[in-house]
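For reference, the structure I am asking about is given below.
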Amino acid sequence: MAPFASGLLVLTAPLPVLPRRAAAALAAAAGVVAGPLYVHLQPGLRLAAPAPLPAAPPAGPALLRALAALYEAAAAQRGLDLRVLLGPGRRLARPPRVLLASAAEAPGPPGPVQLGLQHLAAAAYGCPPRLPALLLGGPGDAPDGEPPEEPGDPEEALPDFSDVAVGGTFDRLHGAHRLLLSACCLLARHRLLAGVADGDLLRHKVLAELIEPYEVRAAKLREFLEDVKPSLRYDIVPLADPYGPSITDPDLQCLVVSEETRRGGEAVNKKRLENGLPELALYEILLMKDPDHSQNEEEKISSSSLRQRLLGTLLRPPRQDPTLPSRPYVIGLTGGTGSGKTSIAKLLGQLGAFLIDADKLGHAVYVPGGPAYERVVAAFGAEIVNEDGTINRKVLGAKVFGNQERLKSLTDIVWPEMARMVKEQIREADAQGKAVCVLDAAVLLEAGWQDMVHEVWTAVIPEEEAVKRIMARDGLSEEVARGRLRSQMTNSQRVEQSQVVLCTLWEPDVTRKQVEKAWDLLQQRLSPDRGP
């Protein structure tokens with residue numbers, strides 16, 4: 001793990017050469033700083049000179065290209081929280097613990113360069129005067145064959161506007177978000193209005209259950225913006241529709257869009273004209289390519305791809321329950337009907353897990369002579385019994401469907417007996433020497449069985465896909481299939497109580513890779529010699 005929790009990297013190279021140097025600079029800094037990593041750009045600055053004064057580079061196309069290169073390079077350093085500062089100001093949200101510069105860009109003895117770093121950080125961001133200051137690489141580490149920088153014609157400055165607007169989901173701020181927001185900060189003189197999608201706008205997003213709550217997204221957005229350019233006023237508002245205040249705010253002058261949201265910007269202007277307001281200037285930012293995207297992910301850097309990469313990973317720490325034996329380690333696998341939970345269970349079984357099928361145990365408690373048979377018949381009447389003495393599950397189901405009181409009467413009888421049988425199966429897994437046991441149970445959370453497991457893993461699928469699967473599998477109408485889904489816990493409710501989330505929306509091979517990743521990470525968690 002990197003030794004410093006946060007850092008400030010000062011880059012003094014001319015802006016036109018920064019795109020060629022960004023990847024090496026950030027790779028070196030990422031080895032020292034866990035994050036966030038702040039970047040101060042000051043082309044041409046001599047750190048060894050007496051008391052260097054902070055200054056922001058001009059807001060032009062070269063600066064935008066440098067920002068794009070830095071944020072794209074940061075994407076290759078998984079987990080690096082990069083914040084390129086666009087103007088000195090108040091104390092940073094996560095004060096730097098170390099100061100960094102490239103030795104290749106800082107000629108002169110190390111002592112004066114390090115002192116210059118400390119003076120700059122203190123003057124620009126109020127950092128303590130004696131922070132550790134490190135030089136990355138050596139004097140000969142400049143890229144080979146890099147052509148000398150030649151003075152060119154002065155660039156045109158970017159347009160500027162008093163009040164600028166932007167909108168998005170802003171889930172887990174990634175490089176493309178940061179470039180978009182940085183452009184907004186360069187264009188705005190006074191205020192940035194940021195609309196954050198919420199409510200129904202999120203319903204059709206990929207893996208919407210994994211989108212962070214609005215309050216979390218808004219807080220992270222504000223922290224980033226106030227770090228990057230503290231001189232602006234930031235109005236951050238939830239968006240319940242695609243337009244929000246952009247069609248009613250008379251002070252707005254510009255809307256920042258990307259290639260894929262430009263049509264939305266044109267729709268905003270149409271609404272503004274209908275409302276008697278002037279059109280907004282539309283400033284378009286190029287999309288950033290994702291060099292690591294997989295076959296089922298978007299080519300651009302996107303929140304949906306990042307959410308897909310969370311599948312199979314540990315989203316929250318496992319339960320710490322001293323009453324649970326450490327072996328076998330029990331995974332509770334749950335999910336709604338049509339979620340593909342059973343296929344995930346089979347894959348886990350192939351990887352070596354001992355499988356417990358709660359649905360089979362549920363059938364066993366109802367058989368004549370089974371632990372719940374007599375009490376269920378006594379509670380629901382002889383009309384639920386077939387001629388051969390077995391319980392007719394369809395008739396019983398019709399009696400309890402939509403009646404919460406009757407359903408509770410049934411589950412109060414059945415679930416404790418199933419839990420007892422699950423515990424017997426867990427003991428059997430232990431007797432067989434199995435290290436991991438998977439309890440495949442659709443009602444895991446409703447029954448309160450999470451107390452029997454170390455981790456909850458949930459299979460999710462969008463409602464529309466689940467409806468199609470239920471209709472095809474069970475021959476049901478769409479209305480009945482939707483009713484069945486809506487009588488269950490929602491995906492979001494399950495995810496809130498889960499350590500690991502999996503999704504079977506894509507090809508079987510994608511599901512298999514997810515499960516293998518989840519299994520490999522589980523083995524690392526269970527390894528006795530794993531690091532801290």
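These values consider heavy atoms only, across backbone and side chains, with no hydrogens, waters or symmetry-generated copies.
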- Message: Whether the side chain of Arg307 engages the backbone of Val206 through a donor-acceptor N/O pair (distance < 3.5 Å, no angle test) should be reported.
- Response: yes

- Counting distance only, does the side-chain N/O of Gln523 pair as donor-acceptor with the main-chain N or O of Asp520 below 3.5 Å? no

- Message: Looking at Glu266, I'd like to know if its CD atom is crowded, meaning that more than 12 non-hydrogen atoms belonging to other residues, nucleotides or ligands lie closer than 6.0 Å.
- Response: yes

- Message: With heavy-atom distances below 4.5 Å as the criterion, would you say the side chains of Leu315 and Val500 are in contact?
- Response: no

- Message: Considering only residues two or more places apart or on different chains, which pairs with a residue in residues 179-206 satisfy salt bridge (charged side-chain N to carboxylate O under 4.0 Å, His left out)?
- Response: Asp160-Arg189, Asp163-Arg191, Arg191-Asp235, Arg191-Asp249, Asp198-Arg217

- Task: Could you check Gln114 against His119 for side-chain contact (heavy atoms from CB on, under 4.5 Å), going step by step and ending with a plain yes or no?
- Result: CA-CA 9 Å; Gln114 291 164 327; His119 285 159; over 6 Å; no

- Where is the tightest heavy-atom contact between Pro318 and Gln499, given as atom of each residue plus distance? CA-CG, 3.9 Å

- Leu521 CG to Thr313 OG1 distance, which is reported to the nearest 0.5 Å: 7.5 Å

- Inter-residue atom distance Arg172.CZ - Ile211.CD1, 0.5 Å rounding: 8.5 Å

- Note on the structure: All heavy atoms of Val33 vs all of Gly7, minimum pair found to be CG1-N, 3.6 Å

- Query: Could you give the distance from OG (Ser326) to NE2 (His454), rounded to the nearest 0.5 Å?
  - Reply: 6.5 Å

- Donor-acceptor under 3.5 Å (Thr490 side chain, Gln493 main chain): yes

- Message: As an exercise, state the distance from OG1 of Thr511 to CG of Leu505, rounded to the nearest 0.5 Å.
- Response: 8.5 Å

- Task: Would you check, one step at a time, whether the test side-chain contact (heavy atoms from CB on, under 4.5 Å) holds for Leu100 with Val10?
- Result: CA-CA 6 Å; Leu100 305 169; Val10 178; over 6 Å; no

- Looking only at non-hydrogen atoms, find the nearest pair between Ser303 and His177 and report the distance. OG-CE1, 3.1 Å

- Between His40 and Tyr125, ring centroids under 6.0 Å: yes

- Task: Kindly give the heavy-atom pair with the smallest separation between Ala25 and Leu11, and that separation in Å.
- Result: CB-CD2, 4.3 Å

- Item | Least distance between heavy atoms, Leu522 atom then Glu455 atom | CD1-OE2, 3.9 Å

- Can you check whether Leu37 reaches Leu80 side chain to side chain, under 4.5 Å on heavy atoms? yes

- Item | Leu324 and Val330, any side-chain heavy atoms less than 4.5 Å apart | no

- Inter-residue atom distance Leu311.CG - Lys517.NZ, 0.5 Å rounding: 6.5 Å

- Just wondering, do Gln42 and Leu120 contact through their side chains at under 4.5 Å, heavy atoms? yes

- Answer yes or no: is there a side-chain heavy-atom contact under 4.5 Å between Thr504 and Ile461? yes

- Message: Main chain of Pro278, side chain of Arg272: is a donor-acceptor contact present, judged purely on distance under 3.5 Å?
- Response: yes

- Query: Between Val460 and Leu502, does a side-chain contact (heavy atoms from CB on, under 4.5 Å) hold up when you go through it step by step?
  - Reply: CA-CA 6 Å; Val460 298; Leu502 300 158; over 6 Å; no

- Donor-acceptor pair, Arg316 side chain versus Ser498 backbone, under 3.5 Å? yes

- Are the charged groups of Glu209 and Arg494 less than 4.0 angstrom apart, N to O? no

- Query: Hey, are the side chains of Cys185 and Tyr234 touching, using non-hydrogen atoms and a 4.5 Å cut-off?
  - Reply: yes

- Query: Would you say the side chain of Leu273 lies within less than 4.5 Å of the side chain of Glu279, judging by non-hydrogen atoms?
  - Reply: yes

- Message: So does Asp171 get a backbone contact from the side chain of Thr169, meaning a donor-acceptor N/O pair under 3.5 Å?
- Response: no

- Any donor and acceptor pair, going by atom type alone, linking the side chain of Arg319 with main-chain N or O of Gln450 inside 3.5 Å? yes

- Pairwise distance CG(Leu63) to CG(Leu86) - rounded to 0.5 angstrom: 6.5 Å

- Message: What I want to find out is whether Asp509 reaches Arg512 closely enough, with some N-O distance under 4.0 Å, to be called a salt bridge.
- Response: yes

- Task: Measure from the side-chain N and O atoms of Ser6 to the backbone N and O of Pro95, and report whether any donor-acceptor pair falls under 3.5 Å.
- Result: yes

- Query: Do other residues, nucleotides or ligands put more than 12 heavy atoms under 6.0 Å from the CD atom of Gln320?
  - Reply: no

- Message: I'd like to know if Asp227 and Arg222 make a salt bridge, using a cut-off of under 4.0 Å between side-chain N and carboxylate O.
- Response: no

- Query: Got Leu134 and Phe4 here, is their nearest side-chain heavy-atom distance under 4.5 Å?
  - Reply: yes

- Expected output: side-chain Tyr283 to main-chain Ser258 donor-acceptor under 3.5 Å: no

- Message: For the backbone of Arg178 and the side chain of Ser182, can you confirm whether one donor and one acceptor N or O come within less than 3.5 Å of each other?
- Response: yes

- Message: Quick one, Leu173 with Asp81, criterion side-chain contact (heavy atoms from CB on, under 4.5 Å). Give me CA distance, side-chain angles, the key distance, then yes/no.
- Response: CA-CA 9 Å; Leu173 288 180; Asp81 177 2; over 6 Å; no

- Which heavy atom of Leu252 sits nearest a heavy atom of Leu280, and at what distance? O-CD2, 3.3 Å

